[in-house]
Protein chains: 2
Amino acid sequence: MTYSPDVPEVVVQRLPQYLRALSNLQRGGQEVISSQQLGALLQATPAQIRKDLSYFGRFGKQGRGYNIRHLLERLRYILGLERTWNVAVVGVGRLGRAIISYQGFQPEGFRVVCAFDSDPRLIGQLAGGLMIHDISNIGEVLRGEQVQIAIVSVPGAEAQLVIDQLVEAGIQAILSYAPIAAHVPEGVHLRSVDPVLELQSMTYYLSTPD
Amino acid sequence: MTYSPDVPEVVVQRLPQYLRALSNLQRGGQEVISSQQLGALLQATPAQIRKDLSYFGRFGKQGRGYNIRHLLERLRYILGLERTWNVAVVGVGRLGRAIISYQGFQPEGFRVVCAFDSDPRLIGQLAGGLMIHDISNIGEVLRGEQVQIAIVSVPGAEAQLVIDQLVEAGIQAILSYAPIAAHVPEGVHLRSVDPVLELQSMTYYLSTPD
DNA sequence: GTATGTGAAGCACTTCACAGCT
DNA sequence: AGCTGTGAAGTGCTTCACATAC
């Protein structure tokens with residue numbers, strides 16, 4: 001239903017940043033913004049912002065700029081954020097617990113509805129108020145809880161296996177915290193959060209005084 | 001000292017991934033690898049891997065491939081990973097504690113040596129065996145502990161202020177977990193880890209059955 | 001006057017394809 | 001025979017610049 005001829009992936013990745021900046025502006029009471037101003041906030045060029053938005057429609061008014069409330073509405077719709085998404089967390093170690101307790105998902109419409117682990121000592125216990133399920137029942141539970149998105153926070157050695165199980169269970173969007181280059185089939189979306197890689201690429205610039 | 005004419009940033013960001021894959025291969029006992037094989041592991045084309053490496057030298061042997069031990073050595077040197085880097089964690093909430101306790105930094109040569117918070121109830125306490133310092137002494141402590149890299153895990157509302165203080169204290173590499181688009185001056189390297197943005201861009205593809 | 005939307009130009013990264021080394 | 005290293009070609013994203021609308 002969404003009109004989307006052929007949007008570069010980088011563009012899609014910037015939309016949530018626009019969304020966030022606009023939300024903050026709205027909270028501050030501002031009603032209109034120009035691509036110039038938004039660019040200054042996000043360190044992007046005005047042209048880039050206009051071009052990015054133009055992939056999806058014509059949301060601005062020449063001579064005035066963008067109505068923030070209206071643009072927010074459109075961006076939320078485009079990104080599929082008008083609904084709630086149910087999320088599962090797989091791996092309930094320290095990191096998994098921190099993720100479950102993170103207060104930043106809920107306000108954006110991501111609800112962590114179930115947790116999994118393979119450690120028999122954890123199964124049946126609670127983590128952040130959430131029942132920890134046996135990972136071997138993963139398909140069944142994910143279907144029962146209507147989960148669309150999984151967050152993987154298991155050790156690297158187990159991550160590919162877990163991801164395979166998630167794919168098998170029909171999950172099409174996975175956010176992985178595991179330090180591995182995981183493989184997923186065509187059509188499944190995988191994003192990685194990997195602080196070590198980030199640090200390791202920054203040290204290049206610290207060591208090489210250009 | 002490092003020969004680096006003009007290396008694209010994307011290339012620098014891929015090197016740590018090569019490093020990690022090669023480490024795993026070495027642990028498995030393999031001694032030589034071709035760009036073909038490495039590409040298969042990382043879902044990259046052989047040409048890209050060869051081109052990336054060629055920015056830094058000629059590390060392969062035609063007809064054979066790359067000696068893993070040698071290439072690892074060179075990559076570690078290029079990325080500045082032959083030394084240890086001291087890291088400070090600013091913000092000792094749930095996330096900060098998880099970061100301090102994370103066992104993945106140490107083996108890669110990143111030592112979390114001090115922690116900061118602004119909450120008077122936390123200052124002077126321990127977190128993961130680390131003394132929590134008052135953030136107002138940040139410059140002094142960072143110098144004393146010889147910290148080169150900072151990880152920011154404070155709430156969004158405080159993040160820009162904290163980052164300004166870090167920059168003021170001479171820190172040139174910052175990894176931020178805060179959900180804001182922070183600004184840093186030229187010459188300071190800032191990377192962000194932001195799971196919400198990742199989720200929000202994946203939902204686009206879940207909602208748009210292209 | 002002011003700011004958008006957008007073809008066209010510019011730039012940067014990726015891939016090709018092959019000479020050259022082992 | 002096999003695989004690297006690399007100019008050249010290809011591709012895709014970014015920026016420009018201006019017609020258009022308010």
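Because only heavy atoms are used, hydrogens play no part in the values below, and waters and symmetry mates are left out as well, while side chains stay in. Numbers restart at 1 for each chain; the letters A, B, ... are given by sequence-line order, proteins then strands.
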Student: Does any residue of residues 16-34 of chain B have a heavy atom under 4.0 Å from DNA chain D, and if so, which ones, in number order?
Tutor: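 When residues 16-34 of chain B is checked for heavy atoms under 4.0 Å from DNA chain D, the hits, listed by number, are Ser34(B).
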Student: Would you say the side-chain atoms of Thr84(A) and Arg111(A) include a donor-acceptor pair closer than 3.5 Å?
Tutor: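 Result is no, nothing qualifies.
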Student: Figure out the OH/P separation between Tyr66(A) and dC22(D), and round it to whole Å.
Tutor: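 Whole-Å distance recorded here is 14 Å.
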Student: Return the minimal non-hydrogen interatomic distance between Ala181(B) and Leu42(A), and the atom names on each side.
Tutor: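 That closest heavy-atom pairing would be CB-CD2, 3.8 Å.
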Student: Does a side-chain N or O of Arg58(B) approach OP1 or OP2 of dT6(D) to a distance below 4.0 Å, or not?
Tutor: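 Yes, because at least one side-chain N or O of Arg58(B) sits under 4.0 Å from OP1 or OP2 of dT6(D).
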Student: Could you tell me whether a side-chain N or O of Thr203(B) sits under 3.5 Å from a main-chain N or O of Gly80(A), the two making a donor and an acceptor?
Tutor: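 No, Thr203(B) side chain to Gly80(A) backbone: no donor-acceptor pair under 3.5 Å.
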Student: Hey, does Arg50(A) reach any base, or is it just sugar-phosphate, or nothing, if we go heavy atoms under 4.0 Å?
Tutor: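 If one applies the 4.0 Å heavy-atom cut-off, Arg50(A) turns out to touch a base.
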Student: Report yes if the side chains of Tyr102(A) and Leu95(B) come closer than 4.5 Å at any heavy-atom pair, otherwise no.
Tutor: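 Result no, sub-4.5 Å side-chain heavy-atom pair not found.
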Student: Taking for each residue the nucleotide of DNA chain D bearing the nearest heavy atom, is the 5' side occupied by Gln62(A) or by Gln48(A)?
Tutor: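 The residue mapped nearer the 5' terminus is Gln48(A).
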Student: Rounded off to whole Å, could you give me the CD-to-C1' distance for the Glu9(A) and dG12(D) pair?
Tutor: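 Computing the Glu9(A):CD to dG12(D):C1' distance gives 13 Å.
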Student: How many whole angstroms separate atom NE2 of His70(B) from atom P of dT4(D)?
Tutor: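 Value for this atom pair: 15 Å.
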Student: Shortest non-hydrogen contact from Leu190(B) to Ser176(B)?
Tutor: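 Looks like CD1-CB, 4.0 Å.
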Student: In whole Å, what is the span from the NZ atom of Lys51(A) to the P atom of dT15(D)?
Tutor: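 Checked: the NZ to P distance equals 12 Å.
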Student: Evaluate Arg191(A) against Glu9(A) for salt bridge (charged side-chain N to carboxylate O under 4.0 Å, His left out), listing each step before the verdict.
Tutor: CA-CA 12 Å; Arg191(A) 296 282 160 81; Glu9(A) 180 155 344; 3.2 Å; yes
Student: In whole angstroms, how far is the P atom of dC22(D) from the CZ atom of Phe59(A)?
Tutor: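 Atom-to-atom, Phe59(A) to dC22(D), this comes out as 16 Å.
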Student: Roughly, in whole Å, what's the span from CD1 in Ile49(B) to P in dT6(D)?
Tutor: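 Computing the Ile49(B):CD1 to dT6(D):P distance gives 16 Å.
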Student: Please tell me which of Arg64(A) and Pro8(A) maps to the more 5' nucleotide of DNA chain D, matching each residue to the nucleotide holding its nearest heavy atom.
Tutor: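 With Arg64(A) and Pro8(A) compared, the 5'-side residue is Pro8(A).
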Student: Please tell me if the side chains of Ser201(A) and Leu15(B) come closer than 4.5 Å, counting only heavy atoms from C-beta onward.
Tutor: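 Heavy-atom side-chain distance check fails, nothing below 4.5 Å.
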Student: Starting at the 5' end of DNA chain C, which residue's closest nucleotide do you reach first, Gly65(A) or Ala47(A)?
Tutor: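 Comparing both residues, the 5'-ward one is Gly65(A).
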Student: So where does chain A start and stop touching DNA chain C, 5' to 3', when the test is distance under 4.0 Å to a non-hydrogen atom?
Tutor: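 Under 4.0 Å from chain A, the extent on DNA chain C is dT2(C) to dA8(C).
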Student: So His133(A) and Phe116(A), would you call those rings parallel, tilted or perpendicular, with 30° and 60° as cut-offs?
Tutor: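 Ring orientation of His133(A) relative to Phe116(A): tilted.
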Student: Starting at atom CD of Gln13(A), determine the distance to atom C1' of dG12(D), rounded to an integer number of angstrom.
Tutor: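 To the nearest whole Å, that distance equals 15 Å.
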Student: In whole angstrom, what separates Lys61(B)'s NZ from dG5(D)'s P?
Tutor: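 In whole Å, dG5(D) P lies 10 Å from Lys61(B) NZ.
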Student: So do the side chains of Val154(B) and Tyr177(B) get within less than 4.5 Å of each other, counting heavy atoms only?
Tutor: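 Not touching, per the 4.5 Å side-chain cut-off.
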